[in-house]
Amino acid sequence: MRTASCTAIAPERETDRPACPKTNSKPTDPGQGTSRHPLHQDHLYFPFRPIDRVVAAWTAMEEITRENGCLVAVPGSHKTEEIMSHGYPDWDAVNAAYVGIQGVTSDVKYVHIPMGKGDTIFFHSLLWHGSGRNSTPRYRKAISCHFCGGCRFIDVKKTIQEPLEKEIRELAKIKFSRGGAKMRDEDLDGFEMWTIWQLKSRVVRGHEILPIEKSATKRPAEGDEKLAEA
Ligand SMILES: O=C(O)CCC(=O)C(=O)O
Ligand SMILES: [Fe+2]
């Protein structure tokens with residue numbers, strides 16, 4: 001895993017919650033192309049709504065060029081206004097949970113985004129973007145943070161995000177299993193995309209409306225206004 005992640009969410013109007021900043025240190029490529037990040041939409045990973053209240057801030061901590069794997073993006077792609085279906089790319093080697101938009105053809109019109117040290121770009125969480133191979137012998141350093149003003153958590157079950165939640169649970173089972181003590185599904189009760197993000201994000205304005213004690217017993221659903229106001 002190459003990022004230590006953090007995001008902020010605002011679960012109600014007076015609460016603005018940014019995801020904690022994450023360092024996007026892209027390692028040098030071992031030769032299999034695994035330093036590439038397939039075209040994806042960040043919102044696939046986000047169990048909160050509304051989508052159009054979420055913005056990414058991505059800052060280069062050094063000069064970032066095509067050589068060390070700058071960002072690429074498809075201009076205007078966020079206007080599809082929906083989360084696309086994602087899956088693992090058809091590459092020789094992939095990174096766990098680094099999925100890409102399915103059905104993207106090779107003639108997709110993306111642009112490279114070289115950046116100078118300290119440059120920051122802001123982008124919509126539905127924008128199709130990714131990054132290229134780092135063919136230098138050094139890490140490529142950037143930092144990013146997502147911010148959501150006035151969002152609330154949702155349970156992603158029965159949405160296009162459900163397969164990713166399942167994948168994350170499978171990865172957690174492997175990660176947390178110790179020796180002969182294998183984790184079972186029931187050991188992961190309460191380990192859901194929204195509870196993970198509740199822990200990973202911080203309220204920066206307003207107040208917390210879904211305290212952690214509650215999250216273990218109550219699941220929010222889209223349209224669950226009562227919970228959002230609780
Ligand atoms: O760091 C990269 O190369 C890609 C990062 C990315 O997709 C993101 O921060 O949303
Ligand atoms: Fe991304």
Side-chain angles (χ1 to χ4, degrees), residues 1 3-22 24 40-58 78 80-86 96-99 101 122-127 129 144-173 175-176 183 185-230:
M1 199 65 177
T3 61
S5 184
C6 184
T7 293
I9 304 166
E12 67 172 13
R13 268 187 302 280
E14 320 89 84
T15 309
D16 291 330
R17 189 166 189 166
C20 17
K22 67 180 181 194
N24 283 327
H40 63 279
Q41 292 168 303
D42 286 344
H43 215 92
L44 182 77
Y45 299 86
F46 296 157
F48 34 86
R49 300 287 190 275
I51 295 178
D52 62 5
R53 303 297 305 270
V54 182
V55 67
W58 202 97
H78 61 290
T80 51
E81 289 181 14
E82 56 179 345
I83 302 177
M84 311 295 289
S85 175
H86 286 62
Y98 277 55
V99 289
I101 297 167
F122 297 91
F123 58 93
H124 196 283
S125 70
L126 287 179
L127 184 75
H129 68 285
S144 68
C145 184
H146 286 85
F147 182 84
C148 181
C151 288
R152 61 193 163 76
F153 291 106
I154 61 150
D155 183 351
V156 298
K157 283 180 197 55
K158 302 202 170 69
T159 74
I160 200 157
Q161 295 167 264
E162 184 173 8
L164 182 70
E165 182 175 69
K166 286 200 174 126
E167 168 87 9
I168 290 169
R169 285 171 68 91
E170 289 309 312
L171 292 172
K173 270 199 233 161
K175 189 169 173 178
F176 300 137
M183 283 207 102
D185 272 328
E186 49 272 41
D187 297 327
L188 285 174
D189 269 0
F191 186 88
E192 293 168 52
M193 232 202 258
W194 78 272
T195 55
I196 298 168
W197 279 104
Q198 191 187 23
L199 294 171
K200 278 160 79 90
S201 61
R202 300 284 178 277
V203 175
V204 289
R205 197 172 62 175
H207 57 275
E208 175 68 275
I209 57 160
L210 280 175
I212 287 162
E213 310 86 77
K214 233 182 196 182
S215 69
T217 50
K218 248 184 151 174
R219 294 170 178 191
E222 232 163 328
D224 189 351
E225 299 306 333
K226 269 206 187 103
L227 190 62
E229 285 159 19

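Nearest approach of Asp155 to Thr159, heavy atoms of both residues: O-CG2, 4.3 Å. Residues Met183 and Lys173 approach most closely at O-CD, 3.5 Å, considering heavy atoms. Taking both residues in full, the closest heavy atoms of His43 and Ser125 are given as ND1-OG, 2.7 Å, listed atom of the first, atom of the second, then distance. Of all heavy-atom pairs spanning Val99 and Leu44, the tightest one is CG2-CD2, 3.5 Å. Pairing each heavy atom of Thr195 with each of Gly190, the nearest pair is OG1-O, 2.7 Å.
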Check against side-chain contact (heavy atoms from CB on, under 4.5 Å), Ile168 and Leu164
CA-CA 6 Å; Ile168 290 169; Leu164 182 70; 4.0 Å; yes
Evaluate the criterion side-chain contact (heavy atoms from CB on, under 4.5 Å) for residue pair Asp185 and Arg169; output intermediate values, then yes/no.
CA-CA 8 Å; Asp185 272 328; Arg169 285 171 68 91; 4.2 Å; yes
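Considering only residues two or more places apart in sequence or on other chains, Glu162 meets the salt bridge (Lys or Arg N to Asp or Glu O under 4.0 Å) condition with Lys166. With sequence neighbours excluded, no residue forms a side-chain hydrogen bond (donor to acceptor under 3.5 Å, both in side chains) with Asp52. Under the side-chain hydrogen bond (donor to acceptor under 3.5 Å, both in side chains) criterion, Ser85 pairs with Gln102, sequence neighbours left out. With sequence neighbours left out, the salt bridge (Lys or Arg N to Asp or Glu O under 4.0 Å) criterion links Glu82 to no other residue. Residues forming a ring pair (Phe, Tyr, Trp, His ring centres under 6.0 Å) with Phe191 (at least two apart in sequence, or on another chain): none. In this view, His86 satisfies the ring pair (Phe, Tyr, Trp, His ring centres under 6.0 Å) rule with no residue, not counting sequence neighbours. Qualifying side-chain hydrogen bond (donor to acceptor under 3.5 Å, both in side chains) partners for His40, counting only residues two or more places apart in sequence or in other chains: His37, Asp42, His129. For the salt bridge (Lys or Arg N to Asp or Glu O under 4.0 Å) test, no residue two or more places apart in sequence or in another chain qualifies with Lys175.
Using a 30° and 60° split on the angle between ring planes, Phe123 and His146 fall in the perpendicular class, above 60°. Ring planes of Phe153 and Phe48: perpendicular class, angle over 60° (limits at 30 and 60°).
A donor-acceptor pair under 3.5 Å is formed between the side chain of Gln161 and the backbone N or O of Phe46. At least one donor-acceptor pair closer than 3.5 Å links the side chain of Trp197 to the backbone N or O of Tyr45. The backbone N or O of Met84 lies less than 3.5 Å from a partner atom in the side chain of Gln41, making a donor-acceptor pair.
Looking only at side-chain heavy atoms (C-beta outward), His124 and Ile51 come within less than 4.5 Å of each other.
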